[in-house]
Each structure stands twice: as structure tokens, then as C-alpha cells.
Amino acid sequence: MRKAILPYITNPVVVIGAVLSFGWLFVAIFAPLLAPYDPIKTIAPLMQPGAANPAGGIFVLGTDMLGRDILSRLIYGARTVVVFATLATLTAYLVGVTLGLIAGYWRGRVDAVLSYFANVVLSFPVLVLYIVIIVVIGSSPFNIVLAVTFGSAPAIFRIVRGITMDVASRDYVAAAVTQGERAWRIMVFDVLPNATGPLAVDFCLRLGYTAITIGTLGFLGLGLPPPTPDWGTMVNEGRAMAIAFPHLVIFPCIAISSLMLGLSLLADGLREVSDAQGRRT
Amino acid sequence: MSKPILSVRNLSVSLPKGADRPYAVHNAGFDLHAGEILCIVGESGSGKSVLSSALMGAAPEGLAVTGGQVLLGETDLVPLRESQFRAIRGRDIAMIFQEPMASLNPALTVAAQIEEVFELHSDFDAAERARRARALVESMRLPNPDRILKSYPHQLSGGQCQRVVIAMALAMNPSVLIADEPTTALDVTTQAQVLKLVGELRDLHGHGIVFITHDFGVVADIADRVAVMRHGEIVEIGDAKQVLTAPRHDYTKALIAAVPSLTPHDRPVPADAAPVLTVQHLHHAYGSVSVLKDIELSLPPGRVVSIVGESGCGKSTLAKAMIRLIEAKGGRVEVAGTDILGLSSSDLRSKRRSIQMIFQDPFGSLNPRRRIGPMIARGARLAGASASEARSRTENLLEMVGLQKSAYWRKPGAFSGGQRQRVGVARALAMQPDVLIADESVSALDVSVQAQVLDLLRDLQQRLNLAIVFITHDLRVAAQISDEIVVMQKGEIVERGTAAQVLGAPQHPYTKTLLDAAPGRGTF
């Protein structure tokens, strides 16, 4: 087992990606300990980064126009992103993987119908789709998860369907069939475990996309209702005064970018290492 | 003796750290003369393919030539840079690979691909290139050269493709030709034709040919000299006749002894009993193409029937139809009194126990993510055994097929090809079937391992009184395992009888062709 992990932890791309991604996870988990101030408490408006708090201490990244500490909002904002991006990606996976396995394994009419719906959804620009959904059903944490699931599941469906078609043609699946194994058990125990490599890579990438999406929805004013700290909403609120007070926008942007970068690097690294291992065996 | 055209001296190729041995090839040396075929023979992992690609200056990624010389005439090829080597490849030394389809560009016509060789290595004008390409195709004894030249690779058969690849290799009339298992992917009759062609190249044009193969039958048919490789070393090299008839090294002796004989075994045919497997009027078609025509089979317990034929004859389709991996268009397959084809899919699941299959590819037939013990035990569970019964049955089976009980918690990656095939046998037997179908189950194995697995099957078959349908393209294997042989051609059974009848006194012309084409027939 140690041999299987070694190529991953010695790959610099994986390490940088993991440090950035898991760094934000750490921040999200320990937000109450890390944040210097209450993220929704009004203290002193539009302080520059490094300015002293009249009540003692400093605002490392400054404050926003409502006088809330930006660093604390970023730290708590990590929770929003981590929780909702992960939740939304997981539900998208649940739907996409289940339907992809079914379509790829049974093919025929089931596949035709499912693929048809997937293609219809995929034919919309994803952002337009999210906006339409959120505008129609309203903005709430649950609805954001729902919208992301609806928008991402078809792409996951297509990946899983393709891998399933490939794996289902292997002899070990035929062997399970000839033993009289039930189809769902073949999908879960024979097909799915052999699809995890490409799916792990896709999961990291998609987590990043979802984080961006949640940020974008926040920026468009369709994100989580205020005063929940949310990186995208912070950029949006700071936009009007960005020329005079760039720190309102820059720090949330760096937060979003670094998380996205971390997840992309992690995905790239995982693919690189697993490709190299695939070549060797 | 004349000066060798290719002389390999103390050639070593290192393996990356962590491999099972330090060298892929260790201190290999041989001379190749003009007009000579040198066969390099060995089992998988012996380093024979690495040796051949090292000669071409194309050692696989991660492997490096660490010492020795490859003298082509006066030039040592080992220190050459890639750019220098490119001028030599194709012009002085050319290579033919195992998979003809993969060696050709699917997007170019045959004519364009052959002419490309001239573009790279000569300054012939377009008309001259076309003329020479045509002449090459004609010299390959391909029917209707005009059609072939205009064809794309997918429009040609495997044998035709391989001859096109050989034509390309010969375009610049190289003095040395390296052929890496060039006939392994071909049917036996096509193989015979390509081997004949290779022999002619040596006799008529005086090419020196290094011919890599695992098949001693092929060696017996074409080799002038033979080098036997094991674990990266040449253990014996000498005249073909001497190596084949009076091998010196123990390993060569063992390899030759393991080559199955074409003479059928002389075990008595078991007495007739009520059949456990009856196939009636089984037919199948892909679209309008009929691939199984009115197949009839009947097999009592304790008997082995081999179904032999070339690729595309329908033998694998027959196996899959019998076990309902594909739905045949019609007919009956009765196993122990139940018509398998007539069952609804839910009834079928509970009746599958009675007919089980062993697959061809030991690497593709075991799920790499599952531990083999639970995998086998699952079969027993599905056949109705309790969890503890399944566990003990699995442990017994592991021992019965020659594996340790401790193999229970290992994954397939920990086993060799032959061991995996044993796991496959155990998995099939876990359901205690009445009929076992073995679809090319020893074809992917090295000859020595093949012999062991065949022995195992034979032994289990007698102990458990199994009926076995053995699908194979290899008449030698069929001769050793079968009580009866059925010959299939184009979806039809053209001949059937006891092994002795079919192999000793074949009646149908196709059976005779197959027997004639079996490589090394005069030697083994």
C-alpha cells in the first residue's frame, strides 16, 4: 500500500495542489479559531489592509464598506465554498454515476433515453442554465446544490457511461454474468471500482468548477442570502468601489483562484501519476 | 564462413530499478549471416522482444543499452544518435511487428504508405515510387495488387496487412530484417503462407532475418539457426537441427518437451452415457451474416470435446451462445435436462450454475480490484452454499488447482498468467458445474505453463467427471486434451469424430488444410 501512495506524495504537482486544496479545507474546519473577528459584525468601514482597529488589534486585509473584517469573512467564506461545493459535487456524482452505470451497462433503449436528456442539458451554456434555474426556483442553499447537480450530472453521466461500456466488455464482467450475479452488484463491485482513477481526477476538477460556480452565482447576486460570508458575493459587493479600495475585490479573488488552482493541480498530478503507473503495468 | 552482416556482442539492456532482475538482456551475442534465418525463441519475459528493439535503436522507455556492440557491417549501432539511426532504419535494417493492423496507418492507402518509405530514404520521382510500390506488392504474392494498393488497411485481412508491412520493410532492400512474432496474430493457414514468404525472402534475395518467436513449431519450419533465451540470457545457440533434435541446455530440453504433440493422446475414450450437454439446431447471425449454422453437439459427462477452427469460424460465438453471453437467434442448449436458451432471465440466473466458463485472457478475466478468495467464494455463494461452506470450498479449490491457501486474500496482480488461469478455473468450479466451457483458455500462456494448465484441466475433469467443451485454434492442444474433435469453418461443423479419427485420418479438405498448416508438423 505504501508503494501505491509513494509516487503521489513525491510528485510536486500533487503536493502543491494538495497543500492549496487541503489548506482551504483546514481553514474551513478551524474557521472559528483562525478568524480574528466575527465575520458579520460591523466594526469600522473601509479600513485599508494593515490598518489598526480602534478597539485594538489590526485588520490584516482591511474591512469592507459595512465595516466587517475581510480576513475573517474570507476564512468563514471558505466554509461556504467547501461545504456547498463538496455537497453539490457529491450529489451531482451520485446522480451522474448511478445513471451512467445504468446506461453504460444496459445500453439500448435505457441508454438512448438517458443520453438524450443528458445531451439536452449539456447543450445549454452551463452558466445560463444555473442562472435560469436559480431565478426560477429562488436562491437558497438547497437550490444552489440542486442547480449544480442538474448542471454537472450530465457531464459525469457521460464519463461514467463511457468507462462502464469499456469495463462491461471485460471478461471478468462476463464471468460475473455467467455466475448469475445480479446486475446492480456487477455495476457496484466489478465496474465502479475499475472506474475510480479517471473519476478521482474528474472529481477534483469538478469540485474546482463548482467552487467557481458558487462564486459566480454570488457575484451575480444569486448566491447565498446575506449576510452569509461568500467569496463571490464579496467580489460583487466590492465591485463598485474597487478602484478606490482594490482590497475589497483582490483578496476574495485570490481566495477563489488559489482554491481553483489547487484543485486543478491536484487533478493534473493525479492524472499524471496514474498515467505513468498505467504505462508501467 | 562469410563475414556476418550483423554481429551482436555482449549486448546488455538494463531494466529500471525495482524490476525483478537487473537486466532485460544480459551479455547477448550472436552473428547473423546473409541468407540466414536466426530464430530467437523464448517464453514471455525472456527479453527477446527487448533484444530485437534494442537492435533497432528503439529500446522501450526506461530501458537503456548499458554495454556491448551491435555491428552492422563495420558500423557499431549502439553509440549512434537518434538522427543517425533514422537514416539506417528502413534502409539497412528494417523491422516487422506482431500486430500488422497496428503497424499500418489506418488513414493512408497501402500505396501511399509504401511510397512514403521511398520519400524518406530515396530521391525517386513520383512515377518511380509508384512503380516500385507496385512491384513490391506483386512480389508479396498478394492477389489483385491493384485493389490492394488502393485499399486502406481495414479493407484487408490480417495476413494481407502483414504482407504489406513486410513489403514496406523490404522497400529499400535492407540487408537485415528483424521480425518480432510476425505470425503470432495470424491464423494458422495464413501463418503458413507468411512463413513461406519469409523463407523465399531468404532464399531469393539473401536477406539476413532475425525472427523472434515463442513457437517451436515455427522455429522448426523456418530456422537455420536458433538462439534460446531465458531471463535475458541466450542459454543456447546453434544449428536449428541440432537445437531441435539434440538440445544441450536443460531449459531448451524442457521447452521442447513441453511442445504438445500433434499425435492424439492414447487414453481410452470414456464409455457412452446419457449426455449432460445437448445442442440442437443452434444458429446465430449478426444482421444478415450467418455466423452459426445449425450446430448440433452432444456430450456425456466425463468427456472433452474440442472445437477447432480459425478466427471468424464461429467457435467463440458458439461458446458465448451456449452460456448465453449472447442471445442466439434460435435452437436449444440443454444442460442437465434444462434448455438454457428457453429460460427467462430471472430463471436463468439460478440455473447458470450448471454451465460455467474459463476465459482466454488471464489478465482480463479477473477483476484487478477484487481479492481472489472472496471472488471465488462468491460463485459458491451464488450456487447456494452458506458463507462458511463457500469459504472452505474456496480453500479446497485453491489447493486443488495448485495454489496456496494463503492466496485467498491476494489480488490478481500478485499472480502470474498461469496462476491467474488457475484462479479462473477455481472460480468456474466453485459453482460445481456439470459443463465447463474453456474458450482458448491456454492460448495466452507460455508453452511450459500451457502444459501444466492442460494437465490440471485433464486431472480435474476426470476427478469431477466434468463435461468440457474446449474451444481452441491450436490442433496440438486439441490433440492432447480431447476425446472428440469438432472442426468448424464459416459457422458450420465440417467434420467431427474422435481425436484419433480427425487428426489421424481427416476427411474434410479444410481439416486437411489445417493439419498441413500446423507449424513444425514434421518435427514434433
Side-chain angles (χ1 to χ4, degrees), chain A residues 1-11 97 101-102 104-110 160 163-200 272-281, chain B residues 16 18-19 60-62 319-320 322-326 340 343 345-370 372 374-384 411-413 420 423-424 427-428 430-431 433 436-437 439-441 444:
Chain A
M1 201 59 211
R2 180 169 297 172
K3 257 190 185 161
I5 290 173
L6 194 69
Y8 289 102
I9 56 174
T10 52
N11 180 301
V97 168
L101 281 172
I102 290 170
Y105 186 79
W106 289 115
R107 309 199 181 195
R109 212 168 292 169
V110 187
V160 175
I163 301 174
T164 305
M165 285 184 164
D166 175 30
V167 174
S169 67
R170 308 272 169 89
D171 279 349
Y172 56 77
V173 171
V177 171
T178 60
Q179 288 186 321
E181 191 67 274
R182 285 177 184 278
W184 71 264
R185 280 193 66 118
I186 295 178
M187 291 184 218
V188 174
F189 293 108
D190 287 311
V191 178
L192 196 54
N194 287 292
T196 45
L199 287 187
E272 208 175 277
V273 177
S274 74
D275 281 0
Q277 285 183 332
R279 266 202 305 279
R280 222 176 322 137
T281 45
Chain B
E61 204 183 331
K320 291 194 182 114
M322 283 196 290
I323 202 165
R324 259 183 93 173
L325 277 173
I326 54 173
I340 295 282
L343 294 172
S345 58
S346 55
D347 288 340
L348 173 66
R349 223 176 22 242
S350 57
K351 295 282 181 189
R352 281 207 182 268
R353 182 198 68 78
S354 58
I355 180 164
Q356 286 294 302
M357 188 151 173
I358 308 166
F359 294 83
Q360 170 170 8
D361 178 9
F363 293 86
S365 59
L366 301 181
N367 184 344
R369 300 289 176 128
R370 282 177 81 174
I372 63 158
M375 186 197 300
I376 298 169
R378 179 69 196 157
R381 290 282 284 152
L382 284 166
K411 287 186 181 173
R420 286 180 201 213
V423 174
R427 175 177 57 190
M431 302 200 78
L436 201 56
I437 298 177
D439 184 7
E440 297 277 10
S441 300

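The figures here come from the full heavy-atom set of this structure, side chains too, leaving out hydrogens, waters and symmetry mates.
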State whether the number of non-hydrogen atoms from other residues, nucleotides or ligands found under 6.0 Å of A/Arg185 atom CZ is greater than 12. yes

With a 4.5 angstrom heavy-atom cut-off, which part of B/Leu325 approaches chain A: side chain, backbone, both or neither? side chain

B/Arg427 versus chain A, heavy atoms under 4.5 Å apart: side chain, backbone, both or neither? both

Tell me which of these, A/Arg170, A/Arg182, A/Gln179, has more heavy-atom pairs under 4.5 Å with chain B than the rest. A/Gln179

Closest heavy-atom contact between [X] and [Y]?
X	Y	answer
B/Ser365	A/Tyr172	O-CB, 3.3 Å
A/Asn194	B/Pro368	OD1-CG, 3.2 Å
B/Arg369	A/Thr196	NH1-OG1, 3.5 Å
A/Phe189	B/Asn367	O-ND2, 3.2 Å

Straight-line distance of B/Asp361 CG to A/Asp171 CG, nearest 0.5 Å: 6.5 Å

Looking at side-chain heavy atoms only, is the closest gap between B/Arg370 and A/Asp190 below 4.5 Å? yes

Got A/Val177 and B/Arg324 here, is their nearest side-chain heavy-atom distance under 4.5 Å? no

Best-contacting candidate, B/Arg381, B/Lys351, B/Arg378, against chain A by heavy atom pairs under 4.5 angstrom: B/Arg378

